Amino acid sequence: VQLQASGGGLVQAGGSLRLSCAASGIIFRVNAMGWYRQAPGKQRELVARITSNGMRNYEDSVKGRFTISRDNAKNTVYLQMNSLKPEDTAVYYCNAVRRFGSNWFPSSNSWGQGTQVTVSS
C-alpha cells in the first residue's frame, strides 16, 4: 500500500487548505478512508472518515470546518479544511480504515510521509 498525502502548508488562522491523498495497492473503491493527524508530542488521531458509500464522520473538534470527500476514479481522498485554528497544526496522513465494534482502526501500517499543516495565530 502506498499513500501519498499533499496540499499542506503554512496559513493564518481562519484560512483554508485542501489536502489530497492518492492511494495505490488497495481496491480503493471498497475501502473506507480516513484522515489522521499527529501534532508534536501527541498521538495520531482520526479526524475524518468516509465509507465506500460516502457516509462521513468527523471528530468533534473539526465538525463544521472540515469536509472529507473521495474520487474513486482517481483513487484519491480529500480533506477540505476551513476556518483553520492554530490547534489544527499537525502532520496529516490518510489511510484506509476498518471498523471493529464501535471503533475504527487504520488498515495499513504504511503511512507515507504525510503533509505538514501549520496554522499561525
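Since this is a predicted model, take the numbers as computed values, not measurements.
- Side-chain contact check for M81 versus V117: some heavy-atom pair is nearer than 4.5 Å.
- Panel note: side chain Q38, backbone K42; a donor-acceptor pair is recorded below 3.5 Å.
- Within the 3.5 Å criterion, the main-chain N or O of S108 finds no donor-acceptor partner in the side chain of S110.
- Within the 4.5 Å cutoff, the side chain of R98 has no heavy atoms near those of the F105 side chain.
- A cation-pi geometry, defined here as NZ or CZ lying under 6.0 Å from the six-membered ring centre and within 45° of its normal, does not hold between R70 and Y78.
- Between A32 and T51, the closest heavy-atom pair is CB-CA, 3.9 Å.
- Between the CG atom in N95 and the OG atom in S107 there is a gap of 6.0 Å [rounded to 0.5 Å].
- With sequence neighbours excluded, the residues satisfying side-chain hydrogen bond (donor to acceptor under 3.5 Å, both in side chains) with N57 are R49.
- A side-chain donor from one of N82 and S16 sits under 3.5 Å from a side-chain acceptor of the other.
- The closest donor-acceptor contact from the side chain of R65 to the backbone of S83 lies under 3.5 Å.
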I would like to know whether I68 and Y58 meet side-chain contact (heavy atoms from CB on, under 4.5 Å); could you show each step before the answer? CA-CA 9 Å; I68 188 171; Y58 301 94; 3.6 Å; yes
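- Hydrophobic clustering, with ILVMFWY side chains joined whenever heavy atoms are under 4.5 angstrom apart, groups V62 together with L79.
- Contact between V77 and W35 at its shortest, heavy atoms only, is O-CZ2, 3.6 Å.
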Determine, stepwise, if the pair Q4 / S20 fulfils side-chain contact (heavy atoms from CB on, under 4.5 Å). CA-CA 8 Å; Q4 184 71 37; S20 300; over 6 Å; no
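- With sequence neighbours excluded, the residues that form a side-chain hydrogen bond (donor to acceptor under 3.5 Å, both in side chains) with R37 are E45, S61, D88, Y92.
- In this structure, OG on S24 lies 7.5 Å from CG on L3, to the nearest 0.5 angstrom.
- Residue L10 qualifies as enclosed at atom CG: its count of foreign heavy atoms under 6.0 Å is above 12.
- Contact of the M33 side chain with the I26 side chain is registered, since non-hydrogen atoms from C-beta on lie closer than 4.5 Å.
- Residues L84 and L17 have side chains in contact (heavy-atom distance under 4.5 Å, counting atoms from C-beta outward).
- Listed by chain and residue number, nothing satisfies the side-chain hydrogen bond (donor to acceptor under 3.5 Å, both in side chains) test with E87 (two or more places apart in sequence, or in another chain).
- Between the side chain of N103 and the main chain of R99, no donor-acceptor pair closer than 3.5 Å is present.
- Across L46 and G34, no two heavy atoms sit closer than the pair CD1-CA, 3.9 Å.
- The minimum heavy-atom distance linking V91 with Q116 is given by the pair CG2-OE1, 3.2 Å.
- Put simply, the side chain of L19 reaches to within 4.5 Å of the side chain of T115, judged on heavy atoms.
- Contact annotation: the side chain of W111 approaches that of Y36 to within less than 4.5 Å [non-hydrogen atoms, C-beta and beyond].
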